[in-house]
Amino acid sequence: MFFTLILENENGEQLDMTTTANQYMTSKIEGLSPPAGTINTSAYAGINGSYLNRAFLEKRNVVISYRMKGVDIESRRHALYRVVKTAHYIKVYYRTRKISVYAEGYVETNEVDNFTNTTTGQISVICPDIYWYSLAEQIAEYRNISGAFKFPFAIDSRGVPLGYYHRSRYLRLQNEGDEIGLTFIITGIGGAGKNTRNLSIYNAETGAYMRIRAPIENGDILTITTHIGRKTCIMTRNGVQENWIGNLKLSEWLTARTGENTFYVDGVGVANVSIKVILRTAYLGV
């Protein structure tokens with residue numbers, strides 16, 4: 001199978017590990033499949049079987065085995081050391097004809113065997129975040145008016161539209177991967193003196209909701225993140241960030257389930273905000 005494999009460090013330096021005739025020959029990549037689950041059970045007293053205490057996925061371990069070919073192997077070995085540093089952040093890009101994804105983690109080991117006829121090595125990366133993420137984002141947006149004036153333009157006798165009014169309050173996303181958190185960016189656009197109160201975002205299928213109990217003023221930017229391990233609610237007002245988790249009432253954190261997801265927007269003065277919902281598709285296995 002043809003694939004592309006690129007490693008990127010915290011400074012943005014990249015190293016292409018893709019199989020070529022005279023540089024790196026990647027022989028095996030482990031950690032592309034879903035990580036193993038941890039199942040904890042307890043036995044019943046005096047009867048057959050056991051009951052489940054909990055089941056979870058702990059981490060992903062990506063292991064890259066390779067060998068070096070061609071001339072000037074020493075320079076390429078030092079280039080590898082410069083990008084892939086033990087105990088440092090690393091981003092692993094993986095692409096095939098069907099998928100283009102990345103995973104983030106930290107280098108556990110970077111071992112190179114210099115004293116053989118063929119220089120071989122192995123890189124082990126521990127990924128606390130267990131998902132592979134798509135490079136492209138999917139965005140659904142709500143706003144009362146969307147712009148329509150574009151350049152170049154020509155004005156006929158009927159005039160040209162400067163924008164369109166939208167009456168639908170539904171936002172739809174199609175998730176082709178596993179269930180994952182979302183990013184909601186809510187911006188106050190009503191103009192001076194106008195705000196939005198009790199803004200609510202519902203999952204149209206389940207009725208689950210997130211509600212902002214404080215008013216959102218013109219120029220405010222509220223960012224809500226619902227990813228596991230990094231749930232946040234941050235208000236940016238007049239250039240100052242503030243934790244608004246205390247102003248957030250919810251039945252549950254809204255996520256994107258596998259398949260079609262439909263969200264509904266409601267509130268007092270909802271026309272005074274724009275809402276952008278960002279989905280980055282996540283996969284347990286690629």
Side-chain angles (χ1 to χ4, degrees), residues 1-39 55-137 175-180 227-229 258 279-286:
M1 180 182 68
F2 178 78
F3 64 89
T4 298
L5 178 68
I6 296 174
L7 305 180
E8 180 181 288
N9 66 13
E10 55 200 354
N11 298 319
E13 293 181 276
Q14 291 189 343
L15 184 69
D16 192 342
M17 298 287 293
T18 306
T19 297
T20 61
N22 60 358
Q23 290 201 29
Y24 299 99
M25 297 288 288
T26 302
S27 59
K28 187 176 182 181
I29 305 175
E30 300 176 46
L32 299 177
S33 303
T38 298
I39 311 297
F56 60 93
L57 300 174
E58 185 177 359
K59 61 187 175 184
R60 180 182 298 279
N61 187 195
V62 178
V63 180
I64 303 165
S65 302
Y66 65 90
R67 57 192 174 100
M68 295 184 184
K69 297 185 67 177
V71 297
D72 201 9
I73 288 178
E74 185 174 4
S75 294
R76 282 185 276 116
R77 188 174 72 249
H78 287 291
L80 180 69
Y81 293 151
R82 186 175 63 252
V83 174
V84 185
K85 296 181 179 180
T86 306
H88 281 66
Y89 169 87
I90 199 77
K91 193 172 186 177
V92 182
Y93 294 94
Y94 177 75
R95 185 174 73 244
T96 66
R97 290 188 307 163
K98 298 282 187 176
I99 201 167
S100 185
V101 294
Y102 70 88
E104 296 175 296
Y106 297 86
V107 180
E108 180 184 33
T109 60
N110 180 11
E111 301 174 347
V112 181
D113 188 353
N114 300 325
F115 301 101
T116 58
N117 292 332
T118 302
T119 300
T120 60
Q122 188 177 83
I123 300 167
S124 176
V125 179
I126 300 297
C127 303
D129 189 336
I130 60 176
Y131 292 101
W132 291 95
Y133 291 97
S134 64
L135 294 181
E137 292 179 334
N175 184 10
E176 301 295 342
D178 295 287
E179 181 175 359
I180 197 66
H227 291 266
I228 293 176
T258 301
L279 164 65
R280 190 178 291 276
T281 307
Y283 306 91
L284 280 175
V286 293

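For the numbers below, each heavy atom of this structure counts, side chains included, while hydrogens, waters and symmetry mates do not.
Here the NZ atom belonging to Lys28 is positioned 13.0 Å from the CD1 atom belonging to Ile64, to the nearest 0.5 angstrom. Interatomic distance, CG of Leu80 versus OG of Ser75, reported as 12.5 Å (0.5 Å rounding). Separating the CD atom in Glu30 from the CG atom in Asn61 is a distance of 8.0 Å, to the nearest 0.5 Å. To the nearest 0.5 Å, atom OH of residue Tyr89 and atom CG of residue Asn9 are 9.5 Å apart. A distance of 7.5 Å separates CG in Asp129 from CD in Glu104, rounded to the nearest 0.5 Å. Separating the OH atom in Tyr131 from the OG1 atom in Thr281 is a distance of 12.5 Å, to the nearest 0.5 Å.
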Item to complete: Please report the C-alpha distance between Cys127 and Val62 in whole Å, then the side-chain angles of each, then the deciding distance to 0.1 Å, and finally whether the side-chain contact (heavy atoms from CB on, under 4.5 Å) criterion is met.
Response: CA-CA 8 Å; Cys127 303; Val62 178; 4.1 Å; yes

Item to complete: List the steps and the verdict of side-chain contact (heavy atoms from CB on, under 4.5 Å) for Leu15 and Ile6.
Response: CA-CA 6 Å; Leu15 184 69; Ile6 296 174; over 6 Å; no

Practice prompt. Would you please test Ile123 and Val63 for side-chain contact (heavy atoms from CB on, under 4.5 Å) and show each step?
Written response: CA-CA 6 Å; Ile123 300 167; Val63 180; over 6 Å; no

Discussion item. side-chain contact (heavy atoms from CB on, under 4.5 Å), that's the test. Do Val92 and Leu7 meet it? Break it down for me.
Written reply: CA-CA 5 Å; Val92 182; Leu7 305 180; 3.9 Å; yes

Discussion item. As a quick check of understanding, evaluate side-chain hydrogen bond (donor to acceptor under 3.5 Å, both in side chains) for Asp113 and Thr119, giving each step before the final call.
Written reply: CA-CA 6 Å; Asp113 188 353; Thr119 300; over 6 Å; no

Item to complete: Any chance you could lay out the side-chain hydrogen bond (donor to acceptor under 3.5 Å, both in side chains) test for Gln122 and Glu111, step after step, and finish with the verdict?
Response: CA-CA 5 Å; Gln122 188 177 83; Glu111 301 174 347; over 6 Å; no

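Contact record, Thr258 with Gly177: OG1-O, 2.8 Å, taken as the closest heavy-atom pair. Shown here for Ile73 and Met68, the closest heavy-atom pair between the two residues is CG2-SD, 3.5 Å.
Using bins of under 30°, 30° to 60° and over 60° for the plane-to-plane angle, the ring pair His227/Tyr133 lands in the perpendicular bin.
For the pair Asp178 (side chain) and Leu284 (backbone), a donor-acceptor distance under 3.5 Å is present. Between the side chain of Arg60 and the backbone N or O of Ile126, no donor-acceptor pair lies under 3.5 Å. When atom types are taken as modelled, the side chain of Arg77 and the backbone of Val112 share no donor-acceptor pair closer than 3.5 angstrom. Using modelled atom types, no side-chain atom of Arg82 and backbone atom of Glu13 make a donor-acceptor pair closer than 3.5 Å. The backbone N or O of Thr86 sits nowhere less than 3.5 Å from a side-chain atom of Asn110 that would complete a donor-acceptor pair. Under the 3.5 Å distance criterion, the side-chain polar atoms of Thr120 are left unmatched by any main-chain donor or acceptor of Arg67. Judged by distance alone, the side chain of Arg280 and the main-chain N or O of Leu135 form a donor-acceptor pair under 3.5 Å.
Using a 4.5 Å cut-off on side-chain heavy atoms (C-beta onward), Tyr66 and Met17 make contact. Using a 4.5 Å cut-off on side-chain heavy atoms (C-beta onward), Tyr94 and Trp132 make contact. Taking the side chain as every heavy atom from C-beta outward, Arg97 and Phe2 never approach each other to under 4.5 Å. Between Tyr106 and Pro128 there is a side-chain heavy-atom pair separated by less than 4.5 Å. In this structure, Lys59 and Pro35 have side chains that are not in contact, with every pair of non-hydrogen atoms separated by 4.5 Å or more. Proximity of Ile99 to Tyr283: side-chain heavy atoms (C-beta onward) are separated by under 4.5 Å at one or more points. Put simply, the side chain of Thr18 does not reach to within 4.5 Å of the side chain of Thr26, judged on heavy atoms. Counting heavy atoms from C-beta outward, Thr38 and Leu57 have side chains that stay 4.5 Å or more apart.
In the displayed structure, Arg95 atom CZ is contacted under 6.0 Å by at most 12 heavy atoms of other residues, nucleotides or ligands. In this structure, Gln14 places its CD atom where more than 12 heavy-atom neighbours from other residues, nucleotides or ligands lie under 6.0 Å away. Ile228 CD1: 12 or fewer foreign heavy atoms inside a 6.0 Å radius.
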